[in-house]
K.L.:
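I'd like to ask you about the structure that follows.
Chain letters run A, B, ... following the sequence lines, proteins first, then strands; residues in each count from 1. Values reported hereafter were calculated over all heavy atoms of this structure, with side chains retained and with hydrogens, waters and symmetry mates removed.
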Amino acid sequence: MSHDHDHTDPPSDLELRVKALESLLLEKGLVKQDALNAIIETYEHQVGPKNGAHVVAKAWSDLSFKQALLADATATVADLGYVGRQGEHLTVVENTSDIHNLVVCTLCSCYPWTLLGLPPVWYKSAPYRARAVSEPRAVLSEFGTVLPEHTDIRVWDSTSEMRYLVLPERPAGTGGWRESQLQALVTRNSMIGVELLRHREEVK
Amino acid sequence: MNGGHDLGGRQGFGSVNAEPESEEPLFHAEWERRIFALTLATGMLGQWNIDESRHARERQHPADYLKHSYYENWLVGLEKLLAEKDLVARIEQDAQCFRVPDAAAARQILRTGGPTRLPDLTQPRFRSGDRVRVARCQRAGHTRAPTYVQGAGGTVVDHYGTHIYPDQNAAGQRAGEHLYCVRFEGTELWGSESSSQSVYVDLWEPYLEEIS
């Protein structure tokens, strides 16, 4: 099955091909080593799901921020400094007790990098890209997410440069929590829409 | 083109098998980290746009596209673009022909990104609430109209303004078209068992026909 290829254990020729390409590009001056390092450092250490968790916790804590976020996510998160590649145009979709949103890119791997960082392997895999649109309930159940039959499931296929982020429901039992406490509850997967958040006593 | 990448609704791929979020590394091998950085850095030379790079990955035998891991397809795409744009020969002839970013410039380019919104030069043909059908499309070039919605009817739920049109952008021609978000009922796409689910797809005006 295709999942054998999801976790790559590369043949050495693949490693060698990349190494040869990098050597050539550096030698010819088409890329600079410090630029490569800066790109990697950005996505390994600066841009990641903690940005999205900050936005979600703030939306839970501040009604006017939430309203602005749902009306114009791009400008609203730019005010927090979250701007850049693969976050140029953003829409936030809100989960409620009746509506559950799920994000996919069936054609490639479009994903809100500025808020979530780089996508996980499963998001880019053939099974997820193929099935999220046609059998979202089955896909969700593979993440342990089982929704009532009447829940309106909305799947967002990221076919344009608009990037989608799910605003998960605030877990019950978190009244009075500070924004920083709430932020620690928010998982990356909940902002893609594959899981619901629960009140976890240990993060309080 | 509806190659190996056009996956929406395809069957036979098995379960998702996600790694637990807390255990998944950002890259699973050093070569993935390198090809990721090389792809972004060479993209910053401005010799191709994002739709050209998507199309370079798509233009493979479907069996190869599906057999490859994700970053292997990035490698295939980058090797293809470098050859087609002849970058090595061009910089050998003229060492100054490209502006090659250093670390500071690279960081700035990542922060700026590549917005695709353009000024509206025409009136949008559709508005929210309109019923539309996605035209059938069997052209060889790049498109962002997935096969699974072609021929299906849906409802416009949002108008995002004029955005760069990928079908032409992938051929190196920058043009704008109105972009809409269209809602499709699960029953329309997948049959009567797919109630209480819908799919929202962003579609450019040339993809859409009016349902009267």
Side-chain angles (χ1 to χ4, degrees), chain A residues 1-3 5-8 10 14-15 17-18 21-22 25 28-32 34-40 42 44 83-85 87-89 106-108 118 120-122 124-130 133-134 136 139 142-143 150-157 159-162 187-189, chain B residues 5-10 13-19 21 24 26 28-29 31 33-35 37-38 40-42 45 54 66-67 69-70 72 75 79 87-88 91-92 95 98 100-103 106-107 110-111 113-117 144 146 148 160 163 179 190 196-203:
Chain A
M1 298 304 294
S2 72
H3 65 253
H5 301 283
D6 294 349
H7 313 283
T8 311
L14 191 50
E15 259 173 58
R17 244 166 88 195
V18 174
L21 184 62
E22 181 169 12
L25 293 173
K28 298 295 175 187
L30 284 162
V31 297
K32 291 181 177 168
D34 68 335
L36 298 176
N37 296 342
I39 291 166
I40 292 167
T42 297
E44 286 196 326
V83 295
R85 187 187 169 97
E88 295 92 342
H89 307 283
T106 62
L107 294 174
C108 50
L118 302 181
V121 167
W122 61 260
K124 305 177 286 192
S125 72
Y128 185 74
R129 288 165 54 187
V133 286
S134 58
V139 168
E142 288 166 25
F143 287 88
H150 60 79
T151 302
D152 174 3
I153 299 184
R154 301 179 175 181
V155 184
W156 300 81
D157 189 356
T159 50
S160 76
E161 299 309 323
M162 183 62 72
T187 62
R188 174 198 70 198
N189 284 4
Chain B
H5 67 286
D6 188 3
L7 285 168
R10 298 283 192 88
F13 290 110
S15 56
V16 175
N17 285 321
E19 282 175 282
E21 179 174 336
E24 179 167 1
L26 195 59
H28 289 72
W31 71 269
R33 182 182 278 113
R34 307 317 302 175
I35 193 62
L38 289 169
L40 265 62
T42 50
L45 298 170
R54 287 191 184 118
L66 291 167
K67 183 179 68 189
S69 72
Y70 179 75
E72 200 170 351
L75 172 61
E79 286 173 339
L87 291 202
V88 171
I91 203 165
E92 279 175 345
F98 304 118
V100 182
D102 60 12
R107 284 200 183 89
L110 293 179
R111 277 189 67 79
T116 54
R117 181 79 202 265
R144 298 293 283 181
Y148 76 90
Y160 292 144
H163 282 254
L179 177 65
W190 319 111
S196 78
Q197 68 183 60
S198 53
V199 184
Y200 292 72
V201 185
D202 297 341
L203 297 164

K.L.:
When rounded to the nearest 0.5 angstrom, what is the spacing between OG1 in A/Thr42 and CZ in B/Arg107?
P.N.:
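If we round to the nearest 0.5 Å, A/Thr42:OG1 and B/Arg107:CZ are 5.5 Å apart.
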
K.L.:
Using side-chain heavy atoms (C-beta onward) and a distance below 4.5 Å, is B/Pro146 in contact with A/Thr159?
P.N.:
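Yes, close enough: below the 4.5 Å cut-off.
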
K.L.:
Given heavy-atom pairs under 4.5 angstrom as the criterion, report whether the side chain, backbone, both or neither of B/Ile35 touches chain A.
P.N.:
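Both the backbone and the side chain of B/Ile35 come within 4.5 Å of chain A.
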
K.L.:
Are the side chains of A/Val155 and B/Ser198 in touch, meaning some heavy atoms are under 4.5 Å apart?
P.N.:
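Counting from C-beta outward, A/Val155 and B/Ser198 never come under 4.5 Å.
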
K.L.:
Does B/Arg34 use its side chain to pair, donor to acceptor, with the backbone of A/Leu21 at less than 3.5 Å?
P.N.:
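No: the side chain of B/Arg34 does not pair with the backbone of A/Leu21.
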
K.L.:
Would you call the rings of A/Trp156 and B/Tyr200 parallel, tilted or perpendicular if under 30° counts as parallel and over 60° as perpendicular?
P.N.:
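It falls in the parallel class, under 30°.
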
K.L.:
Quick check on A/Leu25 against chain B: is it the side chain, the backbone, both or neither that has a heavy atom closer than 4.5 Å?
P.N.:
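Side chain only.
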
K.L.:
Minimum heavy-atom separation for A/Ser160 to B/Asp202, with atom names?
P.N.:
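That would be OG-OD2, 2.8 Å.
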
K.L.:
Between A/Thr151, A/Leu118, A/Asn37, which shows the greatest number of heavy-atom pairs under 4.5 Å with chain B?
P.N.:
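Among A/Thr151, A/Leu118, A/Asn37, the one with the most close pairs to chain B is A/Leu118.
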
K.L.:
Looking only at heavy atoms, which two atoms of B/Ala106 and A/Ile39 are closest? And how far apart?
P.N.:
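Closest heavy-atom pair between B/Ala106 and A/Ile39: CB-CG1, 4.4 Å.
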
K.L.:
If I compare all heavy atoms of B/Gly9 with all of A/Val133, which pair ends up nearest, and what's the gap?
P.N.:
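Reported closest heavy-atom pair: N-CG2, 3.7 Å.
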
K.L.:
So which part of B/Leu87 gets closer than 4.5 Å to some heavy atom of chain A, the side chain, the backbone, both or neither?
P.N.:
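Both backbone and side chain of B/Leu87 come within 4.5 Å of chain A.
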
K.L.:
I'd like to know which of A/Cys108, A/Gly29, A/Ala35, A/Gly87 tops the heavy-atom pair count under 4.5 Å against chain B.
P.N.:
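Option with the top pair count is A/Ala35.
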
K.L.:
Which one, B/Leu40, B/Leu45, B/Leu203, leads in non-hydrogen pairs under 4.5 Å with chain A?
P.N.:
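Most heavy-atom pairs under 4.5 Å with chain A: B/Leu40.
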
K.L.:
Before accepting this row, confirm whether a basic side-chain N of the pair B/Arg33/A/Glu22 lies closer than 4.0 Å to the acidic partner's carboxylate O.
P.N.:
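No, B/Arg33 and A/Glu22 are not salt-bridged.
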
K.L.:
Apply side chain to side chain contact (heavy atoms under 4.5 Å, CB included) to B/Glu92 and list each qualifying residue two or more places apart in sequence or on a separate chain.
P.N.:
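Only A/Lys28, B/Val88 meet the side chain to side chain contact (heavy atoms under 4.5 Å, CB included) criterion with B/Glu92.
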
K.L.:
Just give me the residue among B/Thr42, B/Val201, B/Ile91 that pairs up with chain A most often, heavy atom to heavy atom, under 4.5 Å.
P.N.:
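The option with the most such pairs is B/Ile91.
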
K.L.:
Determine whether A/Leu107 and B/Asp6 satisfy the following criterion, side-chain contact (heavy atoms from CB on, under 4.5 Å), listing intermediate values before the conclusion.
P.N.:
CA-CA 5 Å; A/Leu107 294 174; B/Asp6 188 3; 3.4 Å; yes

K.L.:
I want to check something: taking the side chain as every heavy atom from C-beta on, are B/Arg111 and A/Arg85 in contact at a cut-off of under 4.5 Å?
P.N.:
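No, their side chains stay 4.5 Å or more apart.
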
K.L.:
With heavy-atom distances below 4.5 Å as the criterion, would you say the side chains of B/Gln197 and A/Ser134 are in contact?
P.N.:
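The answer is no, as the side chains (C-beta and beyond) never meet within the 4.5 Å cut-off.
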
K.L.:
Supply the atom-to-atom distance A/Lys124 NZ to B/Tyr70 OH, rounded to the nearest 0.5 angstrom.
P.N.:
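Reported to 0.5 Å precision, the distance equals 5.5 Å.
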
K.L.:
Has the side chain of A/Glu88 got a donor or acceptor atom that lies under 3.5 Å from a matching backbone atom of B/Gly113?
P.N.:
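Checking the backbone N and O of B/Gly113 against the side chain of A/Glu88, no donor-acceptor pair under 3.5 Å is found.
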
K.L.:
Treating A/Glu161 as the side-chain partner and B/Pro115 as the backbone partner, does any N or O pair qualify as donor plus acceptor under 3.5 Å?
P.N.:
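Side chain of A/Glu161 to backbone of B/Pro115: no pair is present.
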
K.L.:
Which atom names give the shortest non-hydrogen contact between B/Asp102 and A/Lys32, and what distance separates them?
P.N.:
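Residues B/Asp102 and A/Lys32, closest heavy atoms: CA-CD, 4.0 Å.
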
K.L.:
Given that the side chain runs from C-beta out, which part of B/His163 has a heavy atom under 4.5 Å from chain A: side chain, backbone, both or neither?
P.N.:
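Just the side chain, heavy atoms under 4.5 Å.
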
K.L.:
Please check if the side chain of B/Glu24 supplies one atom and the backbone of A/Pro120 the other of a donor-acceptor pair under 3.5 Å.
P.N.:
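No, B/Glu24 side chain to A/Pro120 backbone: no donor-acceptor pair under 3.5 Å.
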
K.L.:
For A/Thr106 and B/Tyr148, which heavy atoms make the closest approach, and how far apart are they?
P.N.:
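Result for this residue pair: OG1-CE2, 3.8 Å.
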
K.L.:
Is it true that A/Arg17 and B/Glu79 have a side-chain N and a carboxylate O under 4.0 angstrom from each other?
P.N.:
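Looking at A/Arg17 and B/Glu79, the cut-off is met.
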
K.L.:
Taking A/Glu142 for the side chain and B/Asn17 for the main chain, is one N or O donor matched with an acceptor at less than 3.5 Å?
P.N.:
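Not confirmed, A/Glu142 side chain does not pair with B/Asn17 backbone.
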
K.L.:
I'd like to verify something: which residue of A/Ala130, A/Gly84, A/Ala38 has the highest number of heavy-atom pairs under 4.5 Å with chain B?
P.N.:
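Ranked by heavy-atom pairs under 4.5 Å with chain B, first place is A/Ala130.
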
K.L.:
Working to the nearest 0.5 Å, report the span between CE of A/Met162 and OG1 of B/Thr116.
P.N.:
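Result: 8.0 Å between the selected atoms.
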
K.L.:
Apply side-chain contact (heavy atoms from CB on, under 4.5 Å) to residues B/Arg10 and A/Arg129 and explain how you reach the verdict.
P.N.:
CA-CA 9 Å; B/Arg10 298 283 192 88; A/Arg129 288 165 54 187; over 6 Å; no

K.L.:
So B/Phe98 and A/Leu30, do their side chains get closer than 4.5 Å, heavy atoms only?
P.N.:
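Counting from C-beta outward, A/Leu30 and B/Phe98 do come under 4.5 Å.
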
